[in-house]
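What follows is one structure encoded as C-alpha cells, with my remarks underneath.
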Amino acid sequence: MSEITVRRATAADSRRLTKLVRGSAAYRGPYAVMVDGYQVGGAYIEHHPVHVAVDADGRVLGFYALLLDEAELDLAFVADTAQGLGIGRLLMAHMAGEARAAGLDAVRVVAHPPAEEFYLRTGARRTGTVAAAGRIHWDRPELSYDLTDAAAAAA
C-alpha cells in the first residue's frame with residue numbers, strides 16, 4: 001500500500017465521504033437504516049474537525065469526525081477495500097492527538113455494535129449502553145477513550 005496521509009477534510013470532500021458512509025458493508029441488512037439517506041455535508045465538515053486518510057493518489061481510505069463541544073467521536077469509517085490495513089488504528093491515533101490538543105481528557109463513542117471490538121482494540125473502554133431509540137432498534141455500546149497523561153503512561 002502506498003503512503004497514507006491524514007489531512008483535514010474540506011467541503012469538497014462531502015460527496016466522497018457520503019459515498020463511503022452509504023456504501024459501507026458494515027451497514028447492510030438491519031443496520032442499513034442508520035445510513036439510509038445519510039449525508040456528510042459541507043457545512044458539517046467545515047464546522048467540525050473531520051479528517052480523512054488518503055493514499056498517494058488522493059483516494060479516501062477512511063475518515064473520522066470529532067465533536068469538540070460534546071467530546072464525542074461522531075463518525076468513523078474505513079473504506080471496505082481498506083479494512084485490515086491499519087487505517088482505522090491510524091485514524092483513532094490521530095483523533096486522540098487532535099482531541100488532546102483541543103484540551104479534551106476523554107472522547108465518548110457510541111459505537112455501531114459490530115465495531116465495538118475495534119474500539120476496544122484501539123484503547124477505548126466500555127462505559128455503558130445506549131438504549132434503542134427512534135430509527136435505531138438495537139442497543140449500542142458506549143465507550144470512552146481516556147486521553148489523560150496517566151492513561152497514556154499506562155498504555
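Of all the heavy atoms in Asp139 and Ala131, the pair that sits closest is OD1-CA, 3.3 Å. Summarising the geometry of Val78 relative to Gln83, their closest heavy-atom pair is O-NE2, 2.9 Å, with the distance given to 0.1 Å. The two residues Ile45 and Ala11 have their closest heavy-atom pair at CG2-N, 3.9 Å. Contact between Ala25 and Arg28 at its shortest, heavy atoms only, is CB-NH1, 3.2 Å. Ser14 and Gly42 make their closest contact through OG-N, 3.7 Å (heavy atoms, listed as atom of the first residue, atom of the second, distance). Minimum heavy-atom separation, Ala82 to Ile87: O-CG1, 3.9 Å.
Residues Arg89 and Leu91 fail the side-chain proximity criterion, which asks for heavy atoms closer than 4.5 Å. Side-chain contact check for Arg59 versus Arg16: every heavy-atom pair is 4.5 Å or farther apart. Contact check for Ile4 versus Leu61: side-chain heavy atoms found under the 4.5 Å cut-off. Within the 4.5 Å cutoff, side-chain heavy atoms of Val52 are placed close to those of Leu17. Met34 is not listed as a side-chain neighbour of Arg135, based on a closest heavy-atom distance of 4.5 Å or more. Side-chain contact between Arg140 and Trp138 is present, with at least one heavy-atom pair separated by less than 4.5 Å. No side-chain heavy atom of Val35 sits less than 4.5 Å from a side-chain heavy atom of Ser24.
Val50 and Leu67 fall within the same hydrophobic cluster, where Ile, Leu, Val, Met, Phe, Trp and Tyr residues are linked whenever their side-chain heavy atoms come under 4.5 Å apart, directly or through other members. Hydrophobic clustering (side-chain heavy atoms under 4.5 Å, transitive across Ile, Leu, Val, Met, Phe, Trp, Tyr) groups Val33 together with Phe77. Residues Val60 and Leu75 fall within the same hydrophobic cluster, defined by Ile, Leu, Val, Met, Phe, Trp and Tyr side chains chained together at heavy-atom separations under 4.5 Å. The hydrophobic clustering, which links ILVMFWY residues whose side-chain heavy atoms are closer than 4.5 Å, places Val130 and Leu143 apart.
In this structure, the separation between OH on Tyr31 and CD1 on Ile136 is 10.5 Å, given to the nearest 0.5 Å.
Side-chain atoms of Asp146 come within 3.5 Å of backbone atoms of Thr148 as a donor-acceptor pair (strictly under, hydrogens ignored). In this structure, the side chain of Asp74 does not engage the main chain of Leu66 through any donor-acceptor pair within 3.5 Å. Looking only at distances, no side-chain donor or acceptor of Thr129 sits under 3.5 Å from a matching main-chain atom of Pro141.
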Cut-off 3.5 Å, no hydrogens considered: what does the side-chain donor-acceptor table look like for residues 104-122, sequence neighbours left out?
| unit_1 | atom_1 | unit_2 | atom_2 | d |
| --- | --- | --- | --- | --- |
| Arg108 | NE | Glu142 | OE2 | 2.5 |
| Arg108 | NH1 | Glu72 | OE1 | 3.2 |
| Arg108 | NH2 | Glu142 | OE2 | 3.1 |
| His112 | NE2 | Ala26 | O | 2.8 |
| Glu116 | OE1 | Arg126 | NH1 | 3.3 |
| Glu116 | OE2 | Arg126 | NH1 | 2.7 |
| Thr122 | OG1 | Phe118 | O | 3.1 |
| Thr122 | OG1 | Tyr119 | O | 3.1 |
| Thr122 | OG1 | Tyr145 | OH | 2.6 |

**Request:** Start with the C-alpha distance between Leu68 and His48, add both sets of side-chain angles, then the distance that settles side chain to side chain contact (heavy atoms under 4.5 Å, CB included), and finish with yes or no.
**Result:** CA-CA 8 Å; Leu68 293 176; His48 300 290; over 6 Å; no
**Criterion side chain to side chain contact (heavy atoms under 4.5 Å, CB included) on Asp36 and Arg22, from CA distance to verdict** = CA-CA 7 Å; Asp36 184 39; Arg22 290 185 185 174; over 6 Å; no
**Message:** Quick one, Val21 with Phe63, criterion side chain to side chain contact (heavy atoms under 4.5 Å, CB included). Give me CA distance, side-chain angles, the key distance, then yes/no.
**Reply:** CA-CA 10 Å; Val21 169; Phe63 77 99; 3.6 Å; yes
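Residues satisfying the side chain to side chain donor-acceptor pair (under 3.5 Å) test with His94, not counting sequence neighbours, are Tyr64.
The pair Asp13-Arg7 meets the salt-bridge criterion, since a charged nitrogen lies less than 4.0 angstrom from a carboxylate oxygen.
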